Undergrad: 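Have a look at the structure that comes next, please.
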Amino acid sequence: VTGVTGATGDDTAAAQPLVLVVDDEPPITRALSAALAARGYKADVAATGQQALDQTALRDPAAVILDLGLPDLDGIEVLRRIRSWSNVPVIVLTAEGAEDRKVTALDDGADDYVTKPFSTPELLARLRVALRHRSKAGDGGAGDEPVLVVGDLSIDLPRRIVEVGGRRLELTPKEFGFLALLARHAGKVLTHRMILQEVWGPDYGTESEYLRVYASQLRKKMAEDPARPRLVTEPGVGYRLIDRDTPTG
Amino acid sequence: MDPGSPWQRRALGLLAGLALVAIGTLVLLPGRESVTVATPALVLVLPGIVAGLVGGRLAGVVTAAVAALALDIAFIEPYGRPTVHLVDDVVALIAFGAVALVVATLVAQAKDRRRAAEQRAQEVLRLSEEKARIERDQHRLSSEKTALEQAEDARRALLRSVSHDLRTPLAAIRAITSDLRAGARYDAATRQDLLDVVGDEAERLDRLVANLLSLSRIEAGALEPDLQAIDLAELLDDRVRRLSRLLRDVRVETTLPVGLPLVDADYTLLDQVVTNLLENAARHAPRQSVIRIDAREAGDMMEIAVSDEGDGVPPAERDWIFEPFRSGDASRSSGIGLAICKAIVEAHGGTIRVADTHPVDTRPVGGRSPGARFAFTLPIHRVRPDVARPEVPA
């Protein structure tokens, strides 16, 4: 059960969605292919950036899992080329500690990222979120939802009312904008730059310290449990609002 | 030509000037009736100039005064005594004195300039020596800096490649175990395949960790082979059997001559050399190709070689392929395996080199990859005669 109103069941629309796995390490592609097949996806494998581009064009996959360390092309470059003609959801696999690469990938159009070594259930959860957002965007866009619901959090956009478990929150306009933006993309990571430009305006982009302050105010107002927060900090990258009642493994 | 102290110079100048006054006066004296006073006047300018040149201003002026007096006494009537021809005397005195002064001043200035120039030259020399010293220091410092940077680069390259090599097997293991823990349902064949991946990757990690341990021993200078007599056939058989999963897509052929002597080596270290060479060969060998292991005696040493049918090592890369962290980009390995082989082999007093499996002249035109043949040497175990020939039972 997904947490966003109206999204339930959308990812089962295609009978067997094709997922392209791009990695040059056979042990990883074998593991991922098996895991995807066990969940009702079809899996295709590409070992180089060029193969990834060819197969994305030829086979029109429902999503791409893209390792950024490829032998022939830089993964970011592969992502940019895919993005020049395709909106296919792309989840990138990155090495630990490469925050700048994650941010670049997200700013260049990746839907999400997973850090190696990763947990397969977590990767699959990110994949489901990306597929859901994409199918919703195809139905007319997430911006049309009047009320966003993420777990026990509900945001009435026209009336600007936010409730957590039925309790109404008093939010400033920026806090409301920040939370509503995250809720519109529930489950998905948004970079500092994306949030600042959307909520503060196009002249902003590097003031990630603002976000730290607003995130901590929001957590206080939502009475967040620090052990199981809804508003998750992705260090060095951005923020993500998750439905904490939906297990991700 | 150092004229000595200033007073010596002055005295010398004065002496020369007075001598010239005397000579000039004596030379011109007999003919004083036949010449005008202008001749002795012009002649007597000279002593002042000479005195000024040699002895400086004071000598010049004194000489000029004496010359003026001599002119007055010897060449202006009445002869023989000083007379007061105010205008003539004063003019002569001033003219002689001025000439002597100007000359002496010019000389002094020239001397000052020369001295200043000499000082400047010395200063320039000193500065250029200083500059050379600073440049030497800078050069030394910059080469030390370069060496440090190279060491730092090497350390960073090691960390990068090791973390890549550690992360890849870990990523596969974690992906599979997290998936199984989450209750993924697999058919028996897939399940077996995933377990094989986990097992293979765990072994890969094990080999990498063994190499890292050896690397740290090598860097600490603590690589001391514990020598014993080793039967190569036994070691090779055991190692090939243990690597059967890694070598499952190739065929390994071991060819050892009958009666091959034992070698003197550290079993664990030699095993690591063989493992690294086989792993390297497996990485580059085409599927279903043959990896050959052979050995032969070469004087006091045994040469052991592992040959594959891959793309081979270009001659330009053969010099540095045994340097740490310099493996070809495509192989995606830590690049420490071959460096460790080299360190171990050399610690045994042997050598290691790479050549083509199939030398150019034996290759059919246009066909067949060169392949890589890694050959290393180890000392042959020399059996002491008393042990070698056990007493034959009577």
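So that the names make sense, note that chain A is the first sequence line, chain B the second, and so on, each numbered from 1. The analysis underlying the following values was restricted to heavy atoms, covering all of them including side chains, and did not include hydrogens, waters or symmetry mates. Quantities reported herein were computed from a predicted structural model and do not represent experimental measurements.
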Undergrad: Should we count CZ of B:Arg191 as having more than 12 external heavy atoms under 6.0 Å?
TA: no

Undergrad: How far apart are the closest heavy atoms of B:Arg204 and A:Glu25, and which atoms are they?
TA: NH2-OE1, 3.5 Å

Undergrad: Tell me, yes or no, whether the heavy-atom count around B:Arg353 atom CZ, taken from other residues, nucleotides or ligands under 6.0 Å, exceeds 12.
TA: no

Undergrad: Given B:Arg181 and A:Glu122, is the salt bridge (charged side-chain N to carboxylate O under 4.0 Å, His left out) satisfied, shown in steps?
TA: CA-CA 12 Å; B:Arg181 193 178 296 135; A:Glu122 189 181 332; over 6 Å; no

Undergrad: For B:Asp294, I'd like to know if atom CG has over 12 heavy atoms of other residues, nucleotides or ligands within 6.0 Å.
TA: yes

Undergrad: Keeping to residues at least two apart or across chains, list the salt bridge (Lys or Arg N to Asp or Glu O under 4.0 Å) pairs with something in residues 34-55 of chain A.
TA: A:Arg39-B:Asp179, A:Asp44-A:Arg59

Undergrad: I'd like to know which of B:Ala171, B:Pro169, B:Gly183 tops the heavy-atom pair count under 4.5 Å against chain A.
TA: B:Ala171

Undergrad: Can you name the closest pair of heavy atoms from B:Val197 and A:Pro27 and give their distance?
TA: CG1-CB, 3.8 Å

Undergrad: For A:Arg212, I'd like to know if atom CZ has over 12 heavy atoms of other residues, nucleotides or ligands within 6.0 Å.
TA: no

Undergrad: Nearest 0.5 Å please: distance from the OG1 atom of B:Thr168 over to the CG atom of A:Asp23.
TA: 7.5 Å

Undergrad: For B:Asp187, is it the side chain, the backbone, both, or neither that has a heavy atom closer than 4.5 Å to a heavy atom of chain A?
TA: neither

Undergrad: Is it the backbone or the side chain of B:Arg174 that comes under 4.5 Å from a heavy atom of chain A, or both, or neither?
TA: both

Undergrad: I need the minimum non-hydrogen distance between A:Arg30 and B:Leu194, along with the two atoms involved.
TA: O-CD2, 4.1 Å

Undergrad: Are the side chain of A:Thr120 and the backbone N or O of B:Ala175 linked by a donor-acceptor pair below 3.5 Å?
TA: yes

